[in-house]
Amino acid sequence: VQLQASGGGLVQAGGSLRLSCAASGRTFSLYAMGWFRQAPGKEREFVAAINWSGSYTYYTDSVKGRFTISRDNAKNTVYLQMNNLKPEDTAVYYCAADRTTYSGSSLGLKFRYDYWGQGTLVTVSS
């Protein structure tokens, strides 16, 4: 599976961006998907995850109510809609695929994920 993230850019605080992650392969619809981010000098951290069907989503506390993860299995794509962006959201955002149909909070753990995209930079100015 290859993952291609896109949609990053420069936005002012309070603005919005939508990230996309396009996946190759016929089994995308069976994978849980996650978004992670890494700010300069910091470790990669969990942002949001969605199970294979889209019926379960999970977010880190700092983005709840502002970010929404969704997927379109017909298009092999997962999205991250980011609203009310803050300067502390500035990071490289990575999408990742977990080769299971698991639904649960451990989707927030990096080690679960088998495939990673190349990342897309989001910069939020104050």
Side-chain angles (χ1 to χ4, degrees):
V1 173
Q2 291 186 324
L3 303 175
Q4 181 74 38
S6 62
L10 174 63
V11 64
Q12 289 188 331
S16 297
L17 282 174
R18 188 176 81 155
L19 305 184
S20 299
C21 176
S24 64
R26 293 174 292 178
T27 53
F28 170 82
S29 62
L30 298 179
Y31 295 173
M33 298 294 296
W35 285 97
F36 291 76
R37 65 187 180 187
Q38 187 166 17
K42 295 188 177 182
E43 292 189 359
R44 192 171 300 188
E45 65 173 2
F46 170 73
V47 176
I50 189 166
N51 74 339
W52 67 279
S53 67
S55 63
Y56 174 85
T57 57
Y58 181 58
Y59 299 91
T60 193
D61 286 345
S62 63
V63 308
K64 285 179 181 177
R66 300 189 299 123
F67 291 10
T68 302
I69 189 171
S70 61
R71 67 189 298 158
D72 185 339
N73 286 343
K75 295 183 178 179
N76 276 17
T77 302
V78 63
Y79 304 98
L80 185 68
Q81 178 66 43
M82 305 186 295
N83 297 329
N84 190 22
L85 282 160
K86 303 177 181 180
E88 52 263 43
D89 295 318
T90 294
V92 176
Y93 283 71
Y94 299 90
C95 60
D98 168 5
R99 291 181 299 176
T100 73
T101 57
Y102 174 76
S103 299
S105 61
S106 73
L107 285 176
L109 300 174
K110 291 189 292 288
F111 75 82
R112 287 197 62 91
Y113 292 86
D114 304 288
Y115 304 103
W116 292 82
Q118 86 290 358
T120 185
L121 177 62
V122 173
T123 303
V124 184
S125 63
S126 57

query = Taking only residues two or more places apart in sequence, or in another chain, which ones meet L30 in a side chain to side chain contact (heavy atoms under 4.5 Å, CB included)?
reply = none
Any chance you could measure [X], atom [atom1], to [Y], atom [atom2], to the nearest 0.5 Å?
| X | Y | atom1 | atom2 | answer |
| --- | --- | --- | --- | --- |
| S62 | E88 | OG | CD | 8.5 Å |
| R37 | L80 | CZ | CG | 9.5 Å |
| N51 | R71 | CG | CZ | 7.0 Å |
| N76 | M33 | CG | CE | 9.0 Å |
| S106 | D98 | OG | CG | 8.0 Å |
| I69 | Q81 | CD1 | CD | 12.0 Å |

Provide the closest heavy-atom pair for [X] versus [Y] in the form atom of the first, atom of the second, distance.
| X | Y | result |
| --- | --- | --- |
| A23 | L3 | CB-CD2, 3.5 Å |
| Y56 | S105 | OH-N, 3.3 Å |
| G108 | F36 | O-CE2, 3.9 Å |
| F46 | Y59 | CE2-C, 3.8 Å |
| D72 | F28 | O-CE2, 4.2 Å |

query = Would you say the side-chain atoms of N73 and S29 include a donor-acceptor pair closer than 3.5 Å?
reply = no
inquiry  = We want to know whether R112 and T100 form a side-chain donor-acceptor pair, criterion being a heavy-atom distance below 3.5 angstrom.
reply    = yes
request  = Consider only side-chain heavy atoms of I, L, V, M, F, W and Y, link residues closer than 4.5 Å, and tell whether V78 and Y115 are in one cluster.
outcome  = yes
query = Hey, quick one: are W35 and Y58 part of the same hydrophobic cluster, counting side-chain heavy atoms closer than 4.5 Å, chains of contacts allowed?
reply = no
key: Chi angles and distances behind the side chain to side chain contact (heavy atoms under 4.5 Å, CB included) call for M82, V47   = CA-CA 11 Å; M82 305 186 295; V47 176; over 6 Å; no
If only atom types and distance count, is the side chain of [X] paired as donor or acceptor with the main-chain N or O of [Y] below 3.5 Å?
| X | Y | result |
| --- | --- | --- |
| T77 | K75 | yes |
| Y113 | L107 | yes |
| N84 | R66 | no |

Working for side chain to side chain contact (heavy atoms under 4.5 Å, CB included), residues Y31 and D114 = CA-CA 10 Å; Y31 295 173; D114 304 288; over 6 Å; no
message = By the ring pair (Phe, Tyr, Trp, His ring centres under 6.0 Å) test, which pairs, at least two apart or in different chains, include something from residues 70-97?
response = none
query = More than 12 foreign heavy atoms under 6.0 Å from CD of Q2: is that the case here?
reply = no
key: Sub-4.5 Å side-chain heavy-atom contact between R99 and V1   = no
key: D61/K64 salt bridge by N-O under 4.0 Å criterion   = yes
Return all side-chain donor-acceptor pairs below 3.5 angstrom for residues 116-126, not counting sequence neighbours, or 'none' if the list is empty.
{"residue": "Q118", "atom": "OE1", "partner": "A5", "partner atom": "N", "Å": "3.3"}
{"residue": "Q118", "atom": "NE2", "partner": "A5", "partner atom": "O", "Å": "2.9"}
{"residue": "T120", "atom": "OG1", "partner": "G8", "partner atom": "N", "Å": "3.1"}

